[in-house]
Each structure stands twice: as C-alpha cells, then as structure tokens.
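Report on the following structure.
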Amino acid sequence: KPCTFNYDCSEDAQKGLIEYKNIEPIFGVLISERMIFYHELWDTYTLEDIYMIYEAFAVPKYNEYIISKRQASKLENKMRR
C-alpha cells in the first residue's frame with residue numbers, strides 16, 4: 001500500500017533545502033540514516049524490501065513530526081491566554 005504524508009511542501013517550507021541529484025531520494029534517505037549500505041541496494045534487497053525499510057523509517061518520523069507540531073500548537077495556545 002502506498003504511504004501518504006502531509007508534509008508542508010509550500011515554497012517557503014522548501015526554501016534553502018537541497019535535494020538528492022545523483023541518487024534516488026528514497027535511497028539517499030536510507031543511506032544517510034545508515035539503515036542500508038549502497039552496495040546492498042543492488043546485491044541484497046529487492047525494491048519491495050527497500051520500500052518496506054523506508055516505511056519502517058518514515059512512519060515513526062512522520063508521527064513524531066505531527067506530535068511535535070500538536071504540542072507546539074498547544075503551547076502556543078497556552079501562551080496566548
């Protein structure tokens with residue numbers, strides 16, 4: 001099943017960020033997070049395996065992001081009162 005995330009993709013949120021240019025972004029994320037080695041992309045894992053590893057990384061990170069946004073919003077609302 002495809003995962004969908006509601007990241008802030010507005011131009012302001014993306015300003016100043018760089019993207020992977022020479023490697024697929026999903027591979028870049030897994031390599032940079034040290035979840036997989038480059039040679040394993042070709043020798044060990046199938047594409048389905050790579051997507052499952054990515055999902056195991058991305059879902060908790062996204063949930064942490066949402067929780068922190070909610071906590072920040074609650075704190076902001078308390079400060080306004």
Side-chain angles (χ1 to χ4, degrees):
K1 298 177 184 177
C3 290
T4 56
F5 302 102
N6 296 318
Y7 288 111
D8 183 358
C9 295
S10 66
E11 197 170 309
D12 287 340
Q14 300 298 315
K15 193 174 188 175
L17 301 179
I18 61 171
E19 298 175 353
Y20 294 102
K21 297 291 183 185
N22 297 303
I23 190 169
E24 289 295 321
I26 191 171
F27 299 162
V29 169
L30 296 178
I31 292 167
S32 69
E33 291 294 323
R34 293 172 170 57
M35 298 187 76
I36 199 170
F37 292 106
Y38 182 78
H39 69 87
E40 292 176 320
L41 293 171
W42 317 114
D43 299 338
T44 307
Y45 298 110
T46 66
L47 186 57
E48 184 178 4
D49 293 334
I50 290 167
Y51 277 110
M52 287 191 296
I53 293 167
Y54 178 75
E55 183 178 350
F57 164 76
V59 169
K61 289 292 185 187
Y62 179 75
N63 289 339
E64 289 171 15
Y65 167 75
I66 294 299
I67 290 167
S68 69
K69 274 189 80 167
R70 288 178 183 162
Q71 289 173 339
S73 179
K74 285 181 183 178
L75 182 61
E76 191 176 293
N77 288 338
K78 274 187 177 179
M79 301 276 290
R80 288 183 185 166
R81 292 180 188 169

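Values in this document were obtained by computation on a predicted structure and should not be read as measured data.
Across Gly28 and Tyr20, no two heavy atoms sit closer than the pair O-OH, 3.0 Å.
Inter-residue side-chain proximity for Ile50 and Tyr54 is flagged as unmet; no heavy-atom pair is nearer than 4.5 Å. Looking at Met52 and Glu48, their side chains come closer than 4.5 Å, going by heavy atoms from C-beta outward. Using a 4.5 Å heavy-atom threshold, the side chains of Ile31 and Leu41 count as touching.
The hydrophobic cluster containing Val29 also contains Tyr38, counting ILVMFWY residues as joined when their side-chain heavy atoms lie under 4.5 angstrom apart, directly or transitively. Following chains of ILVMFWY side-chain contacts shorter than 4.5 Å, one can reach Ile26 starting from Met35, so the two form part of one hydrophobic cluster. Cluster membership check: Tyr65 does not share its hydrophobic cluster with Ile67, using side-chain heavy-atom separations under 4.5 Å among Ile, Leu, Val, Met, Phe, Trp and Tyr. In the hydrophobic cluster analysis, where Ile, Leu, Val, Met, Phe, Trp and Tyr join through side-chain heavy atoms closer than 4.5 angstrom, Trp42 is grouped together with Tyr51. One hydrophobic cluster, built from ILVMFWY side chains closer than 4.5 Å, cannot hold both Phe57 and Phe37; they sit in different ones.
Atom CD of Glu33 is surrounded by more than 12 heavy atoms from other residues, nucleotides or ligands within 6.0 Å. Heavy atoms of other residues, nucleotides or ligands lying less than 6.0 angstrom from CZ of Phe27 number more than 12.
Taking CD1 of Ile36 as the start and CD1 of Ile53 as the end, the distance is 4.5 Å to the nearest 0.5 Å. Remark: Gln71 CD to Ile66 CD1 distance equals 12.0 Å, nearest 0.5 Å.
In this structure a side-chain-to-backbone donor-acceptor pair under 3.5 Å is present from Asp49 to Thr46.
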